[in-house]
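Right, one structure below, let's go through it.
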2 protein chains.
Amino acid sequence: MAESKSPTVYDVAREADVSIATVSRVLRSPEKVSVSTRERVLQAVRRLGYVPNASARGLADRRTGVLGLLIPGHDIPATSRRLPAEDGAPAVVEFLDDRDGRQADPYRNRYFEQLVRGAEAAAWRAGYALLVAAGTSVSRDVVMHDLAGRVDALAVVARTVPDELLRGSIGRTPMVTVAGEGGTGADAVRVDNRGGMSALVRHVLAVKPPGPVLYLAGPPDSPDAAGRARGFHDAVAGQDVPWHTAMADFTWQGGHDAVTAQLEEEIPAAVIGANDQSALGALAALREGGVDVPGTCVVTGFDGIDESRYSTPTLTTVRQPMIDLGICAVELLLRRLADPDAAPRDLQLPVDVLLRTSCGPLG
Amino acid sequence: MAESKSPTVYDVAREADVSIATVSRVLRSPEKVSVSTRERVLQAVRRLGYVPNASARGLADRRTGVLGLLIPGHDIPATSRRLPAEDGAPAVVEFLDDRDGRQADPYRNRYFEQLVRGAEAAAWRAGYALLVAAGTSVSRDVVMHDLAGRVDALAVVARTVPDELLRGSIGRTPMVTVAGEGGTGADAVRVDNRGGMSALVRHVLAVKPPGPVLYLAGPPDSPDAAGRARGFHDAVAGQDVPWHTAMADFTWQGGHDAVTAQLEEEIPAAVIGANDQSALGALAALREGGVDVPGTCVVTGFDGIDESRYSTPTLTTVRQPMIDLGICAVELLLRRLADPDAAPRDLQLPVDVLLRTSCGPLG
DNA sequence: ACGACGACTGTATGCGCTTACATTCAGGCG
DNA sequence: CGCCTGAATGTAAGCGCATACAGTCGTCGT
């Protein structure tokens, strides 16, 4: 079979003995074509294995039918495997001493997998395809530029590319910011850091033993950290509870050290981590200090990383609905494509509080 | 600014006072244009915020510059969140009692995230974009068909779509099968289940206490299970070790029950799970039976799911190099695009054995 | 000084598809 | 029986870009 190149509408038209317009109509608006002709064309399509060329269709349509999703780069190590040599030495199995998990890869929480899945599902549901791009450090602008010409609209995870790029070369492409700061006057979806933390802390205040509360703050330049801190303050404001803040910087060590220092003065009744890592550090410090969790002191984190499910005790935390984030990002794009002049929306998705043993009995 | 529609080469040409051919050349083969003209054109490009239209380029080029990746569907529940109402009731935080992890989502191992990341990185490195599609149950053929018209080549995760679809509508699109059975005469990448299991079992035989070996087999219709079983047999063949097989069906319960039954007859010295789930079940059964792991009996799994890192004891297992799988899939596609007549390759990537405490001291 | 040549730029065509508009034809109506 | 109408189909004009081919002009060799 010398089927050297793909058949086009012309081939189908010839095969079915109709004009190319009719072929196109059969595919795009079948109701405009008589049943008999339609059948004949569809048969020709099948016989030739015709697949419409998306580029041509996109050109004629002035739309690509593709949505873009730009996620932060991952910098796959340069040592990553390439194609083995043709003559292929036999595959060599590597033994890694992984008893403490150090060899585990760094992409701990399935954050982006879920984002991609949600976006993908929502996009296909609406008849769009999803182009995924990771802005690797070297080439953010190139990627961005390339993407802009390929898609009808673009979802960008916050801080993936510099702001001026967002406004610059892609001024005409509808965009939504994902997990950003909001309030930029553009479409945006993010997670309710503030509300989630506030709800969590209110719950803690209701169940914790008597005593002071320690808040393990995140880095000051992080919007997430800021939102969570505000949520914490919302919850403790006006409550008659002693509390103070220590910087943990979103790290295990930070949480560990802050709690260790705290134990020298007074045993806290609750430690609220701005994220899971610092809460896990706190858990370790409390164990070292012989403090019973959750009996004497309850602990909470934020993010819902894997480790929080397996720590001892398991860590109460807040999970971000990443799938929904992806879905909503796409839905916002679809909305804007449908109505370019709609007022920008700034969605805040509610989070899920996962109650686990580190904060004691279920309220 | 009434920048209603995107500027085209014509706009740039007018702005820079050259012909569209020159504009195109500046973008595609700058060395063919004099420095002064090139500068002038680039300025016009920047001034207008011109972004080349990928559809037009693709049409003229007869290539889209896009690679497709088809992964199994995920069936995002229909109840998943949509866009909240415009007037937005305040976000409501949900409290979930997640103390035993039952609420955790089912996408446990970051299998596809890594596959996508690897493919994405390799694709962009080669100047291609990556279109990700999940063949949801309802619409595999539609997705497939749509995809075929959009991409230059396609990587399909095995058993994502029925075979006849693969051969049918997309006959002319270069394809690679990912994680399939191999031996189909087409390009394929997969993981060395057999070699990995064989290496692992050889290691176990070297370190295990004296006594019989129990192999927890996977479902007979799974190519993965078949490969691993063969690897097991490779390793025990000719060794003077008593062994037998029990069906565990890749499930926790299967592993648990098989080991429980075994304990009534004889305490095994090693339990080899065809996957992690069944090995974890075995671990539980051994604990219930008061058997010391790894002192009296060593245990191993296969896959490297999260739980294997956190179990007690941590589970020695085999991790599939998903990132590399993605990279190699793309590299195979690129190779075929470069040379359509190259002989098909059937790659087997080596796996990583993660030595953890469930199999005792490091040999 | 004249033609050849090379560097650069412009003209014009086609990529495969969609669609506005034109055409054809069968009925229905006055 | 002529004319109007509407359904079905055909004709042809782009969509934005790449590029083969055709100039144009300054240089160099003789």
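Lettering follows sequence order; numbering is per chain, from 1.
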Practice item. Go through C:dT11, C:dC17, D:dC17 for me and flag the one nearest to the A:Ala56 side chain. Key: C:dC17
Point to revise | A:Arg336 side-chain N/O to A:Ala342 backbone N/O, donor-acceptor pair under 3.5 Å | key: yes
Practice item. Whole angstrom is fine here: how far is it from CZ in B:Arg57 over to C1' in C:dC17? Key: 20 Å
Exercise for review: For B:Arg40 and C:dT9, give me the distance from atom CZ to atom P, rounded to whole Å.
Suggested key: 8 Å
Check your understanding: Where the side chain of B:Ala21 is defined as all heavy atoms beyond and including C-beta, which of C:dT19, D:dG10, C:dT11 is the nearest nucleotide?
Key -> C:dT11
Point to revise | Donor-acceptor contact present, side-chain B:Arg345 to main-chain B:Leu332, <3.5 Å | key: no
Review point. Considering only heavy atoms and no angle criterion, is a donor-acceptor pair shorter than 3.5 Å present between the side chain of B:Tyr10 and the base of D:dC15?
Key: no
Review point. Which residue lies toward the 5' end of DNA chain C, A:Pro52 or B:Ser36, if each is placed at its nearest nucleotide?
Key: B:Ser36
**Study point:** A:Arg40 side chain vs A:Ala16 backbone, donor-acceptor pair below 3.5 Å
**Key:** yes
Check your understanding: Any donor-acceptor pair under 3.5 Å joining the side chain of B:Arg25 to the base of C:dG10?
Key -> yes
Review point. In whole Å, what is the span from the CZ atom of B:Arg28 to the P atom of D:dA20?
Key: 12 Å
Check your understanding: Under 4.0 angstrom, heavy atoms only, what part of the nucleic acid is A:Val23 near: base, sugar-phosphate, or nothing?
Key -> nothing
Exercise for review: Answer yes or no: is there a donor N or O on one side and an acceptor on the other, between the side chain of A:Arg190 and the main chain of A:Asp346, under 3.5 Å?
Suggested key: no
Point to revise | Presence of A:Arg62 side-chain N/O under 4.0 Å of D:dC15 phosphate oxygens OP1/OP2 | key: no
Exercise for review: Select one nucleotide: of C:dC17, C:dC15, D:dT19, the one nearest the side-chain heavy atoms of B:Leu59.
Suggested key: C:dC15
Check your understanding: Toward the 5' end of DNA chain C, which comes first, A:Ile20 or B:Ser34, by nearest nucleotide?
Key -> B:Ser34
Exercise for review: Under the side chain to side chain contact (heavy atoms under 4.5 Å, CB included) rule, what do A:Val330 and A:Glu120 come out as? Steps first, then yes or no, please.
Suggested key: CA-CA 8 Å; A:Val330 165; A:Glu120 202 277 339; over 6 Å; no
**Study point:** Residue A:Thr8, side-chain atoms from C-beta onward, closest of C:dG10, C:dG16, D:dT11
**Key:** C:dG16
Review point. Rounded to whole angstroms, how far apart are CG on A:Asp61 and C1' on D:dC17?
Key: 17 Å
Check your understanding: Checking all strands, does A:Ser55 fall into the base, sugar-phosphate, or nothing category for heavy-atom contacts under 4.0 angstrom?
Key -> nothing
